[in-house]
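A short write-up of the structure that comes next.
As the structure lists them, so they are numbered: ligands from 1, and atoms in each ligand from 1.
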Amino acid sequence: MIQVERLWNRLMELSQIGKQPSGGVTRFSFTKVEQRAKQLVASYMEEAGMQVREDAVGNLIGRRDGRRADLPAVLIGSHIDTVPHGGKFDGALGVLAGIEVAQTLNEQQIELDHPIEVIAFTDEEGSRFGLGMIGSRAIAGTLTLEQLQQVDQDGITIWEAMEQSGLDPQNIGEAKREPSTVKAYVELHIEQGRVLEKEGLPAGVVSGIAGPYWTKWNISGEAGHAGATPMDGRKDPLMAATEIMQFMEEQAKKHPATVATVGQISVKPGGVNVIPGEVEFTLDLRAIDEAIRDAVETNIKATAEQVCLKRDVVLNIEHLQRIKPVPCSNSIQEVIREACRKTGVEPITLPSGAGHDGMQFNEWPIGMIFIRSKDGISHNPAEWSSKEDCGKGTKILYETVLALASE
Ligand code: GLV
Ligand code: MN
Ligand code: MN
């Protein structure tokens, strides 16, 4: 059966790679740290008896053949990149649980009809380049050469970063999976919210995933002397930004299942006694309902334009990524519900506020299993799920894969 100790030890071992002295784990895509993490995960895949390869965009893939070579594969995945100072579980759990499922199947000498593939996707988080789900976009065949021009904070493009890690960006098309070769996609992930904890349940079935819309906002005004310039007649972009940010928060609060976050900000030139000349910040806007997200976006942009006109500063909004909210397949939800029952877990259904790689897949059905997060904390060094819940989630994943990969 599933070996919880083995899964847990791997989770803890992986969390040492990219561990930060000031707390948390930082593993950005196409870095030496990520490379080391991939080598470790590849060694686990080999221990699990899988054939291991890396595709054209750096996705790490372990395959276990099925009884029939002509049948499409069941994909199990998640990611091993992290946000800055992230936790040990976000992404890593799903990849290691997939490997545990494959290893258990081998140990039990269970042959499945369909092949299964465990994938550690390249750059799900988007922390480095402002473009998330790079690996899953490539598998879906929607990653464009233009997107590879997005830059990190040092001005390095995705294209250049790929070359630095020995990949040829011209070949991204080779990572695309033909829909006829895939039966379904499933992912186990931590909830990153408080629903399961409140319900007192270790795991649940995901109904759908909220869509993130990311933009970079630049407001330019006029730098000046903080002492000598009277308050009237200033062109202070930071004051315009604060008004706009207040409105973003108000709008998100006013609409159901909608959240707005400014996670990065820089002020130039950045002197104590200098009125800022330029401000740049990001907005991450999400909703479960796309029409609501669109309406909030329109309101925010209209108000921002008025604020900038009033303050005589110039606004420019750059598009980073726009992903539609995505429902999980009803039939896979049903399979996961049954897997929960087999594991002795009452199957409740809940939505995902966080984004996940499965959102990129329109051509085959997707399903997700969540496990309980302590205090709902995530994207934070304190992110935590118990060993027992990780084990239960992995058992549910195992039962789900068993059902999906049998004819
Ligand atoms: C990924 O964790 C995201 O939802 O931003
Ligand atoms: Mn994640
Ligand atoms: Mn995350």
Side-chain angles (χ1 to χ4, degrees), residues 11 14-15 18 24-29 34 37 41 59-60 75-98 118-137 150 185-193 196 206 208-216 252 257-264 282-288 290 293 320-326 328 350-361 366-374 376-385 390 393 397:
L11 202 50
L14 180 55
S15 74
V25 186
T26 304
R27 282 194 301 262
F28 283 180
S29 55
E34 193 215 30
V41 172
N59 292 315
L60 181 67
L75 308 185
I76 310 163
S78 203
H79 56 97
I80 55 170
D81 68 312
T82 70
V83 296
H85 301 274
K88 297 181 173 74
F89 300 83
D90 179 358
L93 173 66
V95 174
L96 298 177
V118 178
I119 310 181
F121 293 107
T122 296
D123 201 332
E124 187 272 348
E125 295 287 6
S127 292
R128 181 167 177 193
F129 302 99
L131 180 76
M133 309 180 198
I134 294 177
S136 42
R137 287 175 201 266
Q150 285 192 211
Y185 172 75
V186 278
E187 176 167 352
L188 172 70
H189 204 282
I190 53 169
E191 182 199 333
Q192 309 176 284
L196 292 169
V206 179
I209 312 173
Y213 175 38
W214 290 7
T215 39
K216 190 187 271 179
T258 303
V259 285
T261 306
V262 175
Q264 288 181 340
T282 52
L283 170 65
D284 173 327
L285 176 67
R286 305 188 193 204
I288 294 278
E290 196 179 13
R293 190 184 70 180
L320 293 175
Q321 68 173 355
R322 182 187 207 108
I323 304 173
K324 279 180 185 294
V326 169
C328 290
L350 70 167
S352 172
H356 299 287
D357 285 297
M359 307 185 81
Q360 298 300 327
F361 304 142
I366 68 158
M368 286 193 76
I369 303 155
F370 272 172
I371 64 158
R372 172 164 51 189
S373 289
K374 187 172 187 308
I377 295 172
S378 185
H379 285 188
N380 181 311
E383 178 180 278
W384 190 258
S385 293
C390 290
L397 180 67

* Does the pair R293 and L285 meet the rule for a side chain to side chain contact (heavy atoms under 4.5 Å, CB included), with working shown? -> CA-CA 7 Å; R293 190 184 70 180; L285 176 67; 4.1 Å; yes
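- In summary, no N, O or S atom of H356 is located under 2.8 Å from the Mn ion (ligand 2).
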* Step by step, would you call D90 with H79 a side-chain hydrogen bond (donor to acceptor under 3.5 Å, both in side chains)? -> CA-CA 8 Å; D90 179 358; H79 56 97; 3.1 Å; yes
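- Distances from the Mn ion (ligand 3) under 2.8 Å pick out these protein N/O/S atoms: D90 OD2, E125 OE1, E125 OE2, H379 NE2.
- Taking the side-chain contact (heavy atoms from CB on, under 4.5 Å) definition, one finds that S385 meets it with F89, I190, I371, S373, C390, sequence neighbours left out.
- The cationic group of R322 lies under 6.0 Å from the six-membered ring centre of Y213 and within 45° of the ring axis, placing it in a cation-pi geometry.
- Q360 is not listed as a side-chain neighbour of Y185, based on a closest heavy-atom distance of 4.5 Å or more.
- Once rounded to the nearest 0.5 Å, the distance linking CD1 of I209 with CD1 of I366 reads 4.0 Å.
- E34 CD to L60 CG: the interatomic distance, rounded to the nearest 0.5 Å, is 9.5 Å.
- To the nearest 0.5 Å, the span separating OG on S378 from CD on E383 amounts to 3.5 Å.
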Do any nitrogen or oxygen atoms of ligand 1 lie under 3.5 Å from a protein nitrogen or oxygen, and which ones?
from     : atom 1 : to   : atom 2 : distance (Å)
ligand 1 : 2 (O)  : E125 : OE1    : 2.9
ligand 1 : 2 (O)  : H379 : NE2    : 3.1
ligand 1 : 4 (O)  : R286 : NH1    : 2.6
ligand 1 : 4 (O)  : R286 : NH2    : 3.2
ligand 1 : 4 (O)  : G355 : N      : 2.7
ligand 1 : 5 (O)  : R286 : NH2    : 2.7

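- Using a 4.0 Å cut-off between charged nitrogen and carboxylate oxygen, K324 and E290 count as a salt-bridge pair.
- With sequence neighbours left out, R137 forms a salt bridge (charged side-chain N to carboxylate O under 4.0 Å, His left out) with no residue at all.
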